[in-house]
Amino acid sequence: MMIRVAVVGAAGRMGSTVCQAVEEAEGLELVARLDVGDEITSETLAGAGVAVDFTVPDVTEANVHALVDAGVDVVVGTTGWTEESYGRVREHLARPEAAGRSVLIAPNFALSAVLSMRFAALAAPYFESVEVIELHHPNKVDAPSGTAVATAKGIAAARAEVGLGPSPDATRTDPDGARGAVVDGVHIHAVRLRGLTAHEEVVLGNPGEQLTIRTDCFDRASFMPGVLLAVRQVGNREGLTIGLENLLDL
Ligand SMILES: NC(=O)C1=CN([C@@H]2O[C@H](COP(=O)(O)OP(=O)(O)OC[C@H]3O[C@@H](n4cnc5c(N)ncnc54)[C@H](O)[C@@H]3O)[C@@H](O)[C@H]2O)C=CC1
Ligand SMILES: O=C(O)C1=N[C@H](C(=O)O)C[C@H](O)C1
């Protein structure tokens, strides 16, 4: 059966790449390209069954609520989500008028990044120290990256499960934030550099040894298999799903 797809943020770097991938994919039909200034209604969605949102952190949550109200399933790659905004989407999906609707939100659709997050969580209980370094193109508007936040949360949860405390750190003065952002006790350092696309390194340390887990997405093509998988499968998972790993049985 053909899946009719709308893309929100269609003029952007990711949105335009998704439009091309959908147009070239078997069993999918691109029926609407929406961007800033376009209203989200069942008319503008032009019969879509699934909408894909790659916009900006400030607007993505409102888009998701409007898309659910318009009666479509939603795949979201935009960053900026918090436990509170996930909670509001869950609440919306639990209303009778949203029965049967599905939303999948993933901080990263690249297989290398999803596996890297998983490997980091697996390794986390075995190392005293861990920090995350994310590196992106300088046009990115948010820091730290959504992937780095998810990575840090996964690491923190895995450390907590085995009763590991904070990584050792004697820093007493850091007036300029040189030690980076701290998410659930894990330090994240963000690099913005011309020439980069999307990269992340997780460094884990023990006395006398270090493990480095690194993912490099050199091209936005890396995200497309994950986005297409989500478009094809989102309708099979009622309610809110967070993370592509849920479709990969990781
Ligand atoms: N989950 C994943 O695998 C990935 C996620 N991202 C995330 O996707 C988001 C978009 O990234 P890029 O495409 O690089 O950004 P971009 O800035 O190139 O594109 C954003 C697009 O959204 C549009 N937009 C802004 N407000 C809008 C609104 N109210 N309604 C409709 N469209 C609106 C803009 O006009 C622009 O065309 C970011 O949050 C980024 O972090 C990026 C790459 C991969
Ligand atoms: O803005 C980007 O480019 C990316 N954003 C996502 C993030 O913030 O994690 C995913 C990927 O890193 C590319």
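Predicted, not measured: the structure shown is a model, and the values here were computed from it. All ligand and atom numbering here is 1-based and tracks the order in the structure.
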> Looking at S145, which atoms of ligand 2 are within less than 4.0 Å of one of its heavy atoms?
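Those atoms are 7 (C), 8 (O), 9 (O).
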> Looking only at distances, please establish whether an N/O atom of ligand 1 is found under 3.5 Å from an N/O atom of F223.
no
> So do the side chains of E29 and I3 get within less than 4.5 Å of each other, counting heavy atoms only?
no
> Quick check: M14 and ligand 1, any N/O pair under 3.5 Å apart?
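Yes.
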> Does E39, at its CD atom, have more than 12 non-hydrogen atoms belonging to other residues, nucleotides or ligands within less than 6.0 Å?
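No - once you tally the heavy atoms of other residues, nucleotides and ligands closer than 6.0 Å, there are 12 at most.
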> Among all protein non-hydrogen atoms, which one is nearest to atom 3 (O) of ligand 2, and what is the separation to 0.1 Å?
H137 NE2, 2.9 Å
> Are a donor atom and an acceptor atom from the side chains of D142 and T79 found within less than 3.5 Å of each other?
yes
> Within the structure, does P107 bring an N/O atom to less than 3.5 angstrom of an N/O atom in ligand 1?
yes
> I need the nearest protein heavy-atom contact for atom 4 (C) of ligand 1: residue, atom name and distance, please.
F54 CE2, 3.6 Å
> V50 versus V75: any side-chain heavy-atom pair under 4.5 Å?
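Yes, side chains in contact.
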> Can A106 be said to touch ligand 1, with heavy atoms closer than 4.0 Å?
yes
> Looking at ligand 2, does any of its N/O atoms fall within less than 3.5 Å of an N/O of T79?
no
> Quick check: L34 and ligand 1, any N/O pair under 3.5 Å apart?
no
> Relative to atom 10 (C) of ligand 2, which among P107, A110, A198, G146 owns the nearest non-hydrogen atom?
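Selected option, by shortest heavy-atom distance: P107.
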> Checking side-chain contact (heavy atoms from CB on, under 4.5 Å) for the pair D216/H199: CA distance, chi angles, key distance, verdict?
CA-CA 4 Å; D216 291 284; H199 317 258; 2.8 Å; yes
> Establish, from distance only, whether the side-chain atoms of D169 and T171 form a donor-acceptor pair under 3.5 Å.
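Distance-only check passes for D169 and T171.
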> If we only count heavy atoms from C-beta on, is the M14 to M224 side-chain gap below 4.5 Å?
yes
> Would H137 count as being in polar contact with ligand 1, using the rule that some N or O on each side must be under 3.5 angstrom apart?
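N/O-N/O distance below 3.5 Å does not exist for this pair.
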> Nearest protein heavy-atom contact for atom 9 (C) of ligand 1: which residue, which atom, what distance?
T55 O, 3.3 Å
> Kindly indicate, with the supporting measurements, whether the criterion side-chain contact (heavy atoms from CB on, under 4.5 Å) is fulfilled by L193 and L135.
CA-CA 7 Å; L193 204 69; L135 311 92; over 6 Å; no
> Could you tell me whether the side chain of D38 reaches within less than 4.5 Å of the side chain of T44, counting heavy atoms only?
no
> Under a 4.0 Å heavy-atom limit, does E200 contact ligand 2 with its side chain, its backbone, both, or neither?
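Looking at E200 and ligand 2, no heavy atom falls under 4.0 Å.
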> Sub-3.5 Å donor-acceptor pair from the side chain of R4 to the main-chain atoms of A46, do we have one?
yes
> At a 4.0 Å cut-off, with the gap strictly under it, does some heavy atom of K140 reach an atom of ligand 1?
yes
> Which bit of T147 is near ligand 2, meaning a heavy atom under 4.0 Å away: side chain, backbone, both or neither?
both
> Geometry only, no angles: is K140 polar-contacting ligand 2 at N/O separations under 3.5 Å?
yes
> I'd like to check which ligand 2 atoms, numbered from 1 as shown, lie under 4.0 Å from a non-hydrogen atom of H136.
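In order of number, 2 (C), 3 (O), 4 (C), 11 (C), 12 (O), 13 (C).
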> Nearest heavy atom to atom 7 (C) of ligand 1: which of A62, A143, G77, G80 does it belong to?
G77
> How close does the nearest protein non-hydrogen atom get to atom 39 (O) of ligand 1, and which residue and atom is it?
T79 OG1, 2.8 Å
> Indicate yes or no: does an N/O atom of A110 lie under 3.5 Å from an N/O atom of ligand 1?
no
> Return the closest protein heavy atom for atom 19 (O) of ligand 1 as residue, atom name and distance.
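For atom 19 (O) of ligand 1, the nearest protein heavy atom is G12 CA, 3.3 Å.
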> Are side-chain N/O atoms of E200 and T151 paired as donor and acceptor at under 3.5 Å?
yes
> Checking salt bridge (charged side-chain N to carboxylate O under 4.0 Å, His left out) against E134, which of K140, R192, R214 comes through?
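Going through the options one by one, the only one that passes is R192.
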> So does R237 get a backbone contact from the side chain of S102, meaning a donor-acceptor N/O pair under 3.5 Å?
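Checking the backbone N and O of R237 against the side chain of S102, a donor-acceptor pair under 3.5 Å is found.
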> Within a strict 4.5 Å, meaning less than it, do heavy atoms of the R101 and H92 side chains meet?
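Of all side-chain heavy-atom pairs linking H92 with R101, none is under 4.5 Å.
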> Counting C-beta onward and ignoring hydrogens, is there a side-chain heavy-atom pair between L228 and E24 closer than 4.5 Å?
no
> Record the part of V59 in heavy-atom contact with ligand 1 below 4.0 Å; permitted values are side chain, backbone, both and neither.
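Looking at V59 and ligand 1, just side chain atoms fall under 4.0 Å.
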> Looking only at protein heavy atoms, which one is nearest to atom 3 (O) of ligand 1, and what is the separation?
F109 N, 2.8 Å
> With heavy atoms of N108 as the reference, note each atom of ligand 1 found under 4.0 Å away.
1 (N), 2 (C), 3 (O)
> Taking atom 34 (C) of ligand 1 as the point of reference, which of D35, I40, T60 owns the nearest heavy atom?
D35
> Give the C-alpha distance, both sets of side-chain angles, the deciding distance and a yes or no for side-chain contact (heavy atoms from CB on, under 4.5 Å) between R179 and E131.
CA-CA 10 Å; R179 294 286 292 113; E131 304 221 353; 2.7 Å; yes
> Relative to ligand 2, is M14 under 4.0 angstrom through side chain, backbone, both or neither, heavy atoms considered?
neither
> Below 4.0 angstrom from a heavy atom of N108, which ligand 2 atoms are there? Numbered from 1 as shown, please.
10 (C), 11 (C), 12 (O)
> Return yes when V8 approaches ligand 1 closer than 4.0 angstrom through a heavy atom, no otherwise.
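Contact check V8 vs ligand 1: positive.
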> Any idea which protein heavy atom is nearest atom 25 (C) of ligand 1, and the distance to it?
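Nearest protein contact, heavy atoms only, for atom 25 (C) of ligand 1 is V56 CG2, 3.8 Å.
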> Suppose we measure from atom 15 (O) of ligand 1 to each protein heavy atom; which comes out shortest, and what is that distance?
R13 NH2, 3.5 Å
> Among side-chain atoms of Q233 and N236, is any donor-acceptor pair under 3.5 angstrom?
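No - no donor-acceptor pair under 3.5 Å links their side chains.
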